[in-house]
Each structure stands twice: as structure tokens, then as C-alpha cells.
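Lettering of chains follows the sequences in order, A, B, ..., and the numbering in each one begins at 1. This is a predicted model, so every value here is computed, not measured. Excluded from the calculations below are hydrogen atoms, water molecules and symmetry mates; all remaining heavy atoms, backbone and side chain alike, are included.
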2 protein chains.
Amino acid sequence: MALLADLQAAFEPGRVVVPEHIHSRHRSDWGVALADDEQPAALVYACNAGDVSRALEICGRYDCAVVAQGGLTGLTGAATPVDGCVIVSLERMRAIEEIDTAAATMTVEAGVALERIQQAAAEAGFFFPLDRGARGSCQIGGNIATNAGGNRVLRYGMARDLVLGLEVVLADGTVVTSLNKMQKNNAGYDIKHLFIGSEGTLGIITRVVLRLFPATTSECTALCAVSDYDAVLAFLAHAKAQLGPTLSAFEVMWPDFYRLALEAHGMRPPLDENHSAYILLDTLGTDTEADQARFEDTIASALDQGLIEDAVLAQSLADSERLWTLRGLAGEFSRVFTPRIDFDISVPIGDIGVFIERAHAGLIAQWPKARVLGWGHIADSNVHLSVSIDEQPQPLEAVERTIYALVREYGGSISAEHGIGLLKKPFLDYSRSPAEIALMQRMKQALDPAGLLNPGKVL
Amino acid sequence: MALLADLQAAFEPGRVVVPEHIHSRHRSDWGVALADDEQPAALVYACNAGDVSRALEICGRYDCAVVAQGGLTGLTGAATPVDGCVIVSLERMRAIEEIDTAAATMTVEAGVALERIQQAAAEAGFFFPLDRGARGSCQIGGNIATNAGGNRVLRYGMARDLVLGLEVVLADGTVVTSLNKMQKNNAGYDIKHLFIGSEGTLGIITRVVLRLFPATTSECTALCAVSDYDAVLAFLAHAKAQLGPTLSAFEVMWPDFYRLALEAHGMRPPLDENHSAYILLDTLGTDTEADQARFEDTIASALDQGLIEDAVLAQSLADSERLWTLRGLAGEFSRVFTPRIDFDISVPIGDIGVFIERAHAGLIAQWPKARVLGWGHIADSNVHLSVSIDEQPQPLEAVERTIYALVREYGGSISAEHGIGLLKKPFLDYSRSPAEIALMQRMKQALDPAGLLNPGKVL
């Protein structure tokens, strides 16, 4: 095959893998696998932007699709290969090139694991706030290409907000090096935003400049219970006003989620099981004593004002971890809540309560024995739902249409943080207007007119 | 003229202004005026996105340039009309459409003055942090189209970071309504970033959804003096570590700036005039007593550790305003430091000290009597320089080339917060590579192939 021969001629031995030797793990991310009767044409290990550029040029000549892969921990199939494509793997680009302590930046290659970045930041006396369960295997290039979220968005923003500069290879092989290290730079269009969150469809990110933050030295955690969603909103306003920017998590769990979490972990309930919602509150600060006092005051005044019904404060790191274990239930779902259909959506904060109620009612009306778990990073508008129907297989599409119709009604998003990939593509128009989608297509057309980059994803 | 007749037929009387009746203030922003022998073809007052769309469609038929105007307070000529263009003025789009207290968002039309937004936020119990001296006349559409900065970027980010959604009219008249209210929304490409900071060259912003923040209740201010730029860096690291996210300003003034500020305001020096740099430090918080104690501790420990040589803490709001008056000297320049050439640049934080030294030396070498004032929002990498040469007229281009050559050497930006417009366009390649500029041009080509939107600006 001429394509393969060209690639092999362009790269050193061992850098181009023929189809029969491509490890099966490259066939799938955590969400979608390539069909059994399909296969990639080759896998190329890139060591720098020049390699990616060369691979793209060669693929361009053969009109061959290119799919970039990192840690393969996405949930929507964005990194799943397409039949006959060339996979460009960035996993060998693992250099932390620079930590600039004065600028508070770290420049890294795309294939560095998130956890290594967190550790390197900590060793240099900084904090890199992006975090997700897959931190040990996900890679920063993928985190940025998918605009990853996580538990600290409330305070530090999404992956997008943590990027100052990047290097990207365009579909035609052009390397655009834009490794800006400055928080302020208005010299023309801010081109990095084109690529952040575009899931490898507009370019392949090869290097990034990340923002680092001062290390925090204190953490306060509490679990609070409230009587209804209005109380969630009132308590959120109170917590934001009292705790200011130290507030780093405000995680709401609806009762079914809370009860299953207790059961799954065999935990004694830190708070009674008869409340309407549970909130895990977390602050990160730099003054242990004052922060703790402020935190306790905030909870106490919320109790006094009747905003919350009950609360338990973590007295130790172990306490805090125990409370966070409840919130971590989703990581145990394969053991305790399966089969199921998962949702990652966002809805304007004020509407989340009624949204959850209506979602529940809408599902029960169709499947009276449906089980519905709700939880999420409410303060960022993000709510997760997991639904289990007593049918086999799960009526995936009908459940999705039920939930996404409600998302559309409330002007919400069918993807808060996981992206679109393959799985959510059929529903993109539930959250985006024809004009918005046409504009996205125009971007795609401008940057990748031949449609070689990650075809069939997002749009 | 057929164009004018078509516009007049499409809009009610009074909405289309003929050239001879266009007020002279529309000929110029604060930086650049239209040449005396040139004039716009018409001015259209838009009342909504549909109006903008209609104007663009008509102009498209005649291949006529369109320049959007807001408060006309920009400094680089981005809103200055071009000869024969149609000006689309957004100043009648002054509705504050919604404040969503649960979502902490405000939806406004493009022509609302920044100060009205700040006031409306405050009345609703929130804080909208974007601020600049022209707050009374600048309009939010322009602030966002130019990605405005200001004194609170350190804590709250640039205008870009304060926008959740927008409505924009493309060059072909398509209205793209993307009024997202959620902090997390990964449903496809984040198209708003295309238009933020593009200075009206890719689309005309007609409505925006802004993020609101909890009101702050405490402010602490201090003026500190240090021995050299290394001490600036050490004190910045100390302040960030101690004050965490409450740190909202870290403004450095070099001695010549400080001395002129004292002189201009007839002030008794709050700190001796023999230090190497002066830092105005500001925090915004929610706990008056604890914040003040923390702030005093931070200054005291910096003195103990020898990071700073001297300090004065504001004991009252009046004290704080007096200290900020020093920093506000730039507003008095036309009275006390004229003629001059102004710079708004950014340089990686660690290099700013040597950058200032070399800029000074490079100017003195060519113009021994040059006066050079330096100050800036150092913690965001942003430094301002004003240069006065004892020649008339000021040798503008030679001074610019001297400074921008240094900016290029340090990988800095020729525009930190003011944008490119007309004035900085000749120097764009000092901060952006050919590949970056080509990518910007590709965006322009994709969105405005006929080049009708604000032609000649930025690129």
C-alpha cells in the first residue's frame, strides 16, 4: 500500500505501526469502539510537531483520514479511529519543557499525563487545578482538545481557561506555534480558542503553555442537607457571598444518588437519608485558621437562617476524603448501578431543580420502574444523570430523546464537559441552532477543507 | 446614490443619517481620526440584530464596507470609519434584557454603557468586574469586540473571560444567536471566541450574556517600595501565596512615573522617592476584619523577610483612593507629560525588569534627553510605557521600532489590552509569526470573504 510505504519511508523504524500490529487499545476510547470489521491503516508515533506535520502531508496526498490519540480516556468516541485512517499517537511526546516560576507557566508536550503535570506543578511550589478521575492516563493534549472540566471548574474554570498558548498542526501540515506565556495578549485574533474543545477536528495540538496557580494550603469540606431546590439556590448564593473565590466545589447529590452511595460504600449515613438534596461544599485557601473559622461561620449562619437543615463538617483530611467518597459513586457505577445510560448536561442553574423533577417524571411515565440518579457541579450549571431502565438492552435512544428534549426546552447543553465526539453528534441540534452549526461547519471548511481531521466527529 | 436610497427604504426615517448630517464625533475614536478628505457614506442606527443584518445585506450588494461603532473610546482606531463605509452604530441598543440571579448572568444589548452594567449588577447584589476609565461612555459591545482589560484582570480576567454567550451578525447578514448562560457548554466549537477581540472584523456583536460575581464587601490597599525588580517578583509570589484569589491588583510604578505622579497631584510622598519601584497592592474580599488582618500580616511578613523596603497601608477609603490617584497619573498625561508616545505591551513577567531597563537604555542611546515612564499591571504581564522625546514632532516610528524590537526579542505582545486597530497593524508581525497571521487571514477569509467588515483593521 503506497500510503503505508510513504509513511515508513518518512519515519524511522518502529515509528509507523502496520494494521496487524496496532494494539487493540487504540481501537477505542472509554466510550466507543471501532466496529470489528473496520481497521486503521497505520499508527504513527509522533515525537514533535514536525512529525505530525509530515504525517498529515502524506495523508493529505492520499486523501486519508487522520485521528489524533492521547490517553484514550474520552467518553464520546472523539479519539476512536475511523476505518482506514492513520492514527497519530502523541503518547511519546512526554516532555515537560519548562516551568517559568515568574510567569507561573508550564510548557509541555501534548502527551504528558495530567497527573505528571499536577505533580510537577506541586514540586515547583504551584498548583495545576485541572483534575479528573483518569488523571493517571489522560493526556494534556486530549484534555485541551476536549476542553475537559472536572470538580474545580467553579473556581479555576475549564481546561480552556488554563491554557495561555499552544502549538497546533493544521490539516495541511502547517505548524502554528503560538506559545504565548502572557495573561494579556490582544495582538490579533486569539487563535488558540479555535482548537481548544474542537476534539481534533480543526488541528492537532502538539504543545501547550499552561497557567499555574499558587499552592493552596488549607481545605475545608462539609456535607449539608437541604429541604428543596430553592434552598440549594439560596445556600449557593450564601456560600458564594461568604466564601468568595475560595469556594472550589459545590456538588449537589439528589437523594437516590446519596442513598446508593452510602450502600455502595457500606457507609454509616453522615446525614439522615430523608432530606431533599445533599451538598458537598469545599474551599481551598491559604490561611488554615482563618479559612476554617470562616467556613464554620458560613455553615453556622446557613443553619441559623434556615437555608440548610443539617450539616457535618470534616474535621480531618480523612473526614474530607470520606465525604468525597460519596460524590465519587459514579466511579463505582459498573459495580452497583448497571446497566444504565449516563448524561453529562448543563442547564441554567435556576432551572436545574425543575429539570431534574421533570426528567424523573418523564422517564417514570414511560418506564414506571426506571431508576434515575442525579448529581452534579451545580454551581457551574452542570448536572449529571444516570438512568437505569428494567429492559434489556436499555432503550438508549428513547431515553436520550426524552432527556435531550428537556435540555432543549431549558436552553441547556447536551454536553457540559464530555464533548460531542460520535455519541452525541445526533443530538447537537438540540443545543445548537442551525446558524450556530452552520458557523461551526464554516470553521471546519476553512481549516480542513478536505475533511481529513477526525472525520465524522462533532459535526 | 443607490446604496443610500436602499438603506433609507429599508429603515424608518431618522435611522439612516446622510453624510452631511453625520456628527463629527463618528469620524474618530480616541486614537485615530478619518482623514479630512474622506467621509462615510451613511450612518445607520441599529435597534436589533435584524437591523444590523439588513444593513449588512444591503451593503453587501454594493460591496460597501461596514464599520461598527459603540462608545468610540478605543485607542487604536478600530472603530474609526473608512472612506465610503456605512457606519452601523449600536448606541441605541441600550436594553438590559435580563438579570438571572440564580445563574448569576446579565443579558444586555451591545450599546449599554459599561458603567450602567456595573450599576445594574450592584443593584441586583452582584459585581461586574470589568472596569476602565472610560466606563461612562464605552459600550459593552466594544469592550467585548476589543477584549478590554483594565485593573482587575489579575483576579477576574479580560472581557473575554466575562462573556458566556453572544449574538453576532456575520458579514453575509446571518444572525447567530448563541446566548449561552452556562459556565460549562461543550456542545461543539465555542464560537463566541471567534468574535471576542476581533475588533468588528469577523462579525458585529449585538447582544451578550455576561457573568456576574458575588459583591465584595472589603477592600484593602497598600503602597509598597522595593529595591529592584527581583524584589518585585519575590513580593508578587509572596502576595499571591498569602492573599490567594483575593489579590485583585498588583500595579508597579517605576520611579520616574511615581515622582511625576506626586508632582502632578501636588501630593506629599507617601513613601520616599529613592526606591527602585513602587507597588500598589489591592485585595477585594468578603470578610472585612479577617481580610484586613490577613493583608496586614502579608505586608508585615514581607517587610520582615526583606522583600519590601517600606510600605504604607490605607486606613480608610479616602486613603485608598489617594494611593490609587498615583496610579491614575496616565489620565493626567495630557496636562503634565506631553508630547509623548504611549505603549501598551506585555512581556513574560520575569523579563519585565530587564525589558524596562533595556528600553530605557535603547531610547537614551538615540535620544539622550528622552523621558521614559514605566508602570503596569505586572501580575498579568502587562506593562505600559510612555516616552517623551525632545523633538517636534515626536519621532514616532523610530521610537516604536525601538520598543517593539525589544518586545519581539522577549516574545512579548505589541498589544496587551488595547487591540491592534489601525495604529498597531504595521507591527503585528513583531508579535505574531507568519503562520499565526496566515491563520488569522484564513479566519477572516472564511467569515468575511468580500472583506466588508471593518476593512484594513487588525490584518
Name, in order of residue number, those residues of [range] that have a heavy atom at a distance of less than 4.5 Å from a heavy atom in chain B; otherwise write 'none'.
{"range": "residues 163-171 of chain A", "answer": "A:Leu170"}
{"range": "residues 285-292 of chain A", "answer": "A:Thr286, A:Asp287"}
{"range": "residues 425-433 of chain A", "answer": "A:Leu428, A:Ser431, A:Arg432, A:Ser433"}

Between [options], which has the largest tally of heavy atom pairs under 4.5 Å with chain A?
{"options": "B:Leu236, B:Ile437, B:Asn185", "answer": "B:Asn185"}
{"options": "B:Thr246, B:Leu284, B:Val458, B:Asn382", "answer": "B:Asn382"}
{"options": "B:Glu436, B:Lys240, B:Lys192", "answer": "B:Glu436"}
{"options": "B:Leu154, B:Thr217, B:Leu202", "answer": "B:Leu202"}
{"options": "B:Ala241, B:Ser415, B:Ala102", "answer": "B:Ser415"}

Let me know if [X] has heavy atoms under 4.5 Å from chain A in its side chain, its backbone, both or neither.
{"X": "B:Gln242", "result": "backbone"}
{"X": "B:Ala379", "result": "backbone"}
{"X": "B:Val176", "result": "both"}
{"X": "B:Thr177", "result": "backbone"}
{"X": "B:Pro214", "result": "side chain"}
{"X": "B:Leu447", "result": "both"}
{"X": "B:Ile191", "result": "side chain"}
{"X": "B:Lys424", "result": "neither"}
{"X": "B:Ala416", "result": "both"}
{"X": "B:Phe195", "result": "side chain"}
{"X": "B:Ser178", "result": "both"}
{"X": "B:Thr105", "result": "neither"}

For the candidates [options], which exhibits the highest count of non-hydrogen atom pairs separated by less than 4.5 Å from chain B?
{"options": "A:Lys181, A:Lys444, A:Met158, A:Gln445", "result": "A:Met158"}
{"options": "A:Gly188, A:Ala103, A:Gly149, A:Ala187", "result": "A:Ala187"}
{"options": "A:Ala237, A:Ser198, A:Gly244", "result": "A:Ser198"}
{"options": "A:Ser413, A:Ala435, A:Pro434", "result": "A:Ser413"}
{"options": "A:Leu179, A:Leu233, A:Thr101, A:Asn147", "result": "A:Asn147"}
{"options": "A:Arg155, A:Lys457, A:His418", "result": "A:Arg155"}

[atom1]/[X] to [atom2]/[Y] distance, rounded to the nearest 0.5 angstrom?
{"X": "A:Asn186", "Y": "B:Glu417", "atom1": "CG", "atom2": "CD", "result": "8.0 Å"}
{"X": "A:Tyr189", "Y": "B:Leu194", "atom1": "OH", "atom2": "CG", "result": "9.5 Å"}
{"X": "A:Arg442", "Y": "B:Met443", "atom1": "CZ", "atom2": "CE", "result": "11.0 Å"}

Report the C-alpha separation of A:Lys184 and B:His377 in whole Å, then their side-chain angles, then the decisive distance to 0.1 Å, and conclude whether the side-chain contact (heavy atoms from CB on, under 4.5 Å) test is met. CA-CA 10 Å; A:Lys184 282 177 160 175; B:His377 327 283; 2.9 Å; yes

Should A:Asp161 and B:Arg160 be marked as a salt bridge (Lys or Arg N to Asp or Glu O under 4.0 Å) after you check the CA-CA gap, both sets of side-chain angles, and the distance that decides it? CA-CA 10 Å; A:Asp161 303 301; B:Arg160 180 184 302 282; over 6 Å; no

At under 4.5 Å between heavy atoms, what parts of residues 343-352 of chain B are in contact with chain A? List them by residue number. B:Ser346, B:Val347, B:Pro348, B:Ile349, B:Gly350

Please check if any side-chain donor atom of B:Gln183 sits under 3.5 Å from a side-chain acceptor atom of A:Ser381, or the reverse. no

Under a 4.5 Å heavy-atom cut-off, does chain B meet the side chain of A:Ile420, its backbone, both or neither? both

Test your reading of the model: is there a side-chain donor-acceptor pair from B:Asp190 to the backbone of A:Gly197, 3.5 Å cut-off? no

